[in-house]
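This report refers to the structure that appears directly beneath it.
Nothing fancy with the numbering, it's 1 onward along the sequence.
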Amino acid sequence: MGSSRLPGKTMMDLAGTPLLNRVLRQLSGSTLLDEVVVATSKDSSDDIIAGFAETQAFRVVRGPEDDVLSRYVLAADVSDADIVVRITADCPLHSPDTVDEVIEGFIDAGVDYASNVSPYTRPEGQDVEVFTREVLSQASVNAEMATDREHVTPWIRRKANIKRLDFLHSSPVQSPQRWSVDYLDDLEFARCVWSWLDRQGAGPFIFEEIMTAVKESSAVPGSSIINEGFYLSLFKEATGEAACPLDLKKSYSWLERSDQVIPGAAQTYSKSWRHHIKGVTPIFLDSGAGSVVTDVDGNQYVDLIQGLLPNILGYANEEVNLAAHERALKGHSFSLPHPIEVQLAERLCRLIPCAEMVRFGKNGSDATAGAVRVARAYTEREHVAVCGYHGWQDWFIGTTSRSAGVPGAVRKLAHPFPYNDPEALDTLLSSMPNQFAAVIMEPVNFYWPDKGYLEKVKEITHRHGALLIFDEICSGFHFGLGGAQKIFGVTPDLATFGKAIGNGWPISCIVGRKDVMKVFEDAFVSFTFAGDVAAMAAAMKVLDLLESGDTYHRMTAAGTKLFDGAQVMAAAAGLKDVFQIYGHPHWAIFSFIDENGNDDSATRALWIQELTRRGVLILTTFNISSTLDESLVTKVLSAFAHAFKRVQLARKLGVDPKDWLDGPIPVPAFRARV
């Protein structure tokens with residue numbers, strides 16, 4: 001009854017009966033539950049819960065208000081349970097078949113813990129967690145954090161030695177829906193659905209029947225964030241104290257050596273020390289596994305950079321590496337083409353809407369430069385309109401502040417245009433009639449296209465006689481099979497893919513219309529290592545895993561928790577209008593802004609300093625891999641909480657964030673995505 005967000009919700013009226021009664025009636029339809037125990041607190045406000053449950057002939061146990069974990073131990077003890085199923089009382093739209101499916105999965109897998117919440121394949125509010133009594137006892141003895149005891153299972157989910165099952169329901173709900181009750185709008189949603197269900201009969205109702213009721217009743221789900229309570233608990237537990245500095249002696253020793261032999265001390269600008277806080281963050285990494293990297297000093301980090309996005313399956317994926325290794329043992333840079341080139345090209349033509357033919361490269365810049373060259377050859381025009389980031393080569397980088405060494409004549413041939421502004425593109429192309437060979441753009445990055453925008457871009461481009469090129473180096477296979485063109489239903493003439501297709505193995509490609517791609521027979525785009533079959537074998541295995549596994553579900557689950565958790569914690573710290581985040585759960589960008597709406601790089605640097613020292617490696621984006629499991633997500637969220645508390649404390653004390661930094665503020669190379 002003491003819910004902080006909706007006091008008394010457990011016994012509130014839900015279409016003629018208390019909310020708790022709806023939950024209990026639904027659970028009565030389970031064929032696998034031996035007993036339902038109502039575990040509530042000893043606080044006098046919860047007498048009404050205990051009294052109601054007893055009148056309905058349910059066993060009741062009562063324990064500390066803030067230690068829910070101990071209440072579960074009491075419930076297991078009084079019922080002498082071997083297996084415990086956790087259902088929360090604010091889920092009046094639960095279904096007995098959902099509960100039974102997870103219990104069956106738990107038993108069949110022979111695990112210690114199973115749940116259907118990571119990733120969600122049912123709406124939030126149909127959460128089921130199943131665990132052994134032994135594991136529950138271990139948690140009760142070892143869980144010390146208040147958050148662990150309030151939310152019962154976080155300690156269990158973090159322990160690597162506990163055998164667990166992430167249960168995926170068949171016919172999953174693709175986008176997370178929220179059916180639990182934490183606010184009045186949630187309650188109104190549940191009332192609307194139950195009013196419809198009550199007209200169908202007495203129940204209990206299975207999942208499909210409830211889903212039908214949700215659709216037919218036109219009920220509007222509540223607007224709050226899923227798992228908000230957990231994020232707030234982590235924030236409440238965090239402190240504003242500065243994290244301890246890391247030992248980075250070896251990292252900076254390597255930097256001194258590197259400076260003597262490598263210009264800029266890195267092969268990729270965004271991987272150099274310039275993008276990090278010098279003296280605070282590591283400079284050299286030694287190894288990586290999944291979502292965790294280890295620097296040369298032995299410090300470990302949850303990596304939210306993932307090599308600048310390619311490691312969709314995490315570092316050192318065994319299946320991918322084995323496929324590349326086995327292929328390399330037979331040779332991998334041949335004097336003539338290898339059949340795997342044909343096989344991979346055929347597969348990409350099946351997966352990518354615009355793909356009728358394929359040419360391979362090694363980097364994203366190879367692919368975008370090749371696409372632009374063939375477009376110029378096909379149209380016999382020279383000018384190109386650009387939107388987004390398209391690599392380091394002359395034709396594009398000359399449009400940025402990093403144009404040193406690019407001939408002036410080349411710089412005059414590429415023209416940037418703003419995203420989500422079709423009129424600006426039309427004006428640009430009209431300014432030089434019949435001179436534009438192509439419009440090349442990232443169809444989506446951190447900002448979603450306005451409705452109809454990509455369709456308008458295609459119409460404008462073709463009306464001016466140019467080719468449309470989608471640069472999907474980042475979005476391709478990272479947001480889903482087939483790329484953004486499949487998501488939005490707009491097919492370009494050409495497209496470029498890279499990064500995620502090889503999970504870190506170097507491979508990229510240009511795909512497109514056959515009549516345009518045939519021009520490659522004359523337009524010279526040629527690489528010694530474009531036919532590297534080891535990388536192609538890796539790509540084939542990556543596609544196997546993306547097509548057959550749960551990679552995207554896991555990425556969405558992890559990314560959504562970080563995306564939402566950061567927003568909830570920022571608001572709790574009074575930074576709702578200061579911290580901004582945009583993008584997709586798989587790839588999002590964040591920033592801090594000042595009172596004038598300008599970039600606040602000092603506050604961002606302070607936040608990142610705290611994250612780094614608490615074991616999170618990050619630039620300004622969340623780059624998500626499928627290996628970012630529940631334990632790692634919780635570690636990152638905890639670091640977020642401390643970092644937001646640190647920023648909050650600086651503001652409270654009137655401290656300039658620069659005064660709490662132990663290194664210079666990083667300066668980005670340039671900004672291409674706006």
| field | From CA spacing to verdict: side chain to side chain donor-acceptor pair (under 3.5 Å), Asn142, Trp155 | value | CA-CA 8 Å; Asn142 295 291; Trp155 183 90; 5.7 Å; no
| With Phe640, the ring pair (Phe, Tyr, Trp, His ring centres under 6.0 Å) member among Phe235, Phe622, Phe590 | Phe622
| Trp194 and Pro92: which non-hydrogen atoms are nearest, and at how many Å? | NE1-O, 3.0 Å
| task | Measure centre to centre between the rings of Tyr582 and Phe446, then say whether the value is under 6.0 Å. | result | no
| field | Check against side chain to side chain donor-acceptor pair (under 3.5 Å), Ser30 and Asp100 | value | CA-CA 6 Å; Ser30 166; Asp100 286 350; 2.6 Å; yes
| message | Quick check on the 6.0 Å ring-centre criterion: do His169 and Phe167 meet it? | response | yes
| Taking the six-membered ring for Trp, are Trp179 and His94 ring centroids under 6.0 Å apart? | no
| field | For Lys561, salt bridge (Lys or Arg N to Asp or Glu O under 4.0 Å) partners two or more places apart | value | Glu630
| said: Taking Glu35 first and then Arg59, would you say they form a salt bridge - that is, a charged N and a carboxylate O separated by under 4.0 Å? | reply: yes
| task | Verify, without hydrogens or angle tests, whether Asp303 (side chain) and Gln306 (backbone) share a donor-acceptor contact under 3.5 angstrom. | result | yes
| query | Does Arg5 come within less than 4.0 Å of Asp182, counting only side-chain N to carboxylate O? | reply | yes
| message | Let me confirm one number: the CG-CG distance from Asn299 to Leu246, rounded to the nearest 0.5 Å. | response | 5.0 Å
| Criterion side chain to side chain donor-acceptor pair (under 3.5 Å) on His151 and Ser233, from CA distance to verdict | CA-CA 9 Å; His151 296 276; Ser233 294; 2.8 Å; yes
| field | Under-4.0 Å salt bridge between Arg122 and Asp127 | value | no
| task | Find the distance between CD1 (Ile49) and CD (Glu54) and round it off to the nearest 0.5 Å. | result | 12.0 Å
| Any Lys/Arg nitrogen of Arg62 or Asp43 sitting under 4.0 Å from an Asp/Glu carboxylate oxygen of the other? | no
| task | For side-chain contact (heavy atoms from CB on, under 4.5 Å), just list the numbers for Phe106 and Val85, CA-CA rounded to whole Å, side-chain angles, deciding distance to a tenth of an Å, and then say yes or no. | result | CA-CA 10 Å; Phe106 170 88; Val85 182; over 6 Å; no
| field | Check: Asp295 side chain, Pro282 main-chain N or O, donor-acceptor pair, under 3.5 Å | value | no
| message | side chain to side chain donor-acceptor pair (under 3.5 Å), that's the test. Do Arg178 and Ser224 meet it? Break it down for me. | response | CA-CA 8 Å; Arg178 192 170 185 284; Ser224 61; 3.0 Å; yes
| request: Report the relative orientation of the aromatic rings in His478 and His586; use parallel for angles under 30°, tilted for 30 to 60°, perpendicular for over 60°. | output: perpendicular
| Salt-bridge criterion met for Lys9 and Asp186 (N-O under 4.0 Å) | no
| field | Salt bridge Arg554-Asp629, side-chain N to carboxylate O under 4.0 Å | value | no
| Where is the tightest heavy-atom contact between Val193 and Ala213, given as atom of each residue plus distance? | CG1-CB, 3.9 Å
| task | Verify the neighbour count for atom CD1 of Ile48: are there more than 12 heavy atoms of other residues, nucleotides or ligands below 6.0 Å? | result | no
| Charged N-O contact under 4.0 Å between Lys159 and Asp112 | no
| field | Validation row: Leu575, Thr603 side chains within 4.5 angstrom (heavy atoms) | value | no
| Glu129 side chain near Val102 side chain, heavy-atom distance below 4.5 Å | no
| task | Work out which heavy atom in Ser638 is nearest to a heavy atom in Leu234; give both atom names and the distance. | result | N-CD1, 4.4 Å
| said: I'd like to know if Arg22 pairs up with Asp198 as an ion pair, taking the criterion as any Lys NZ or Arg NE/NH1/NH2 lying under 4.0 Å from an Asp or Glu carboxylate oxygen. | reply: yes
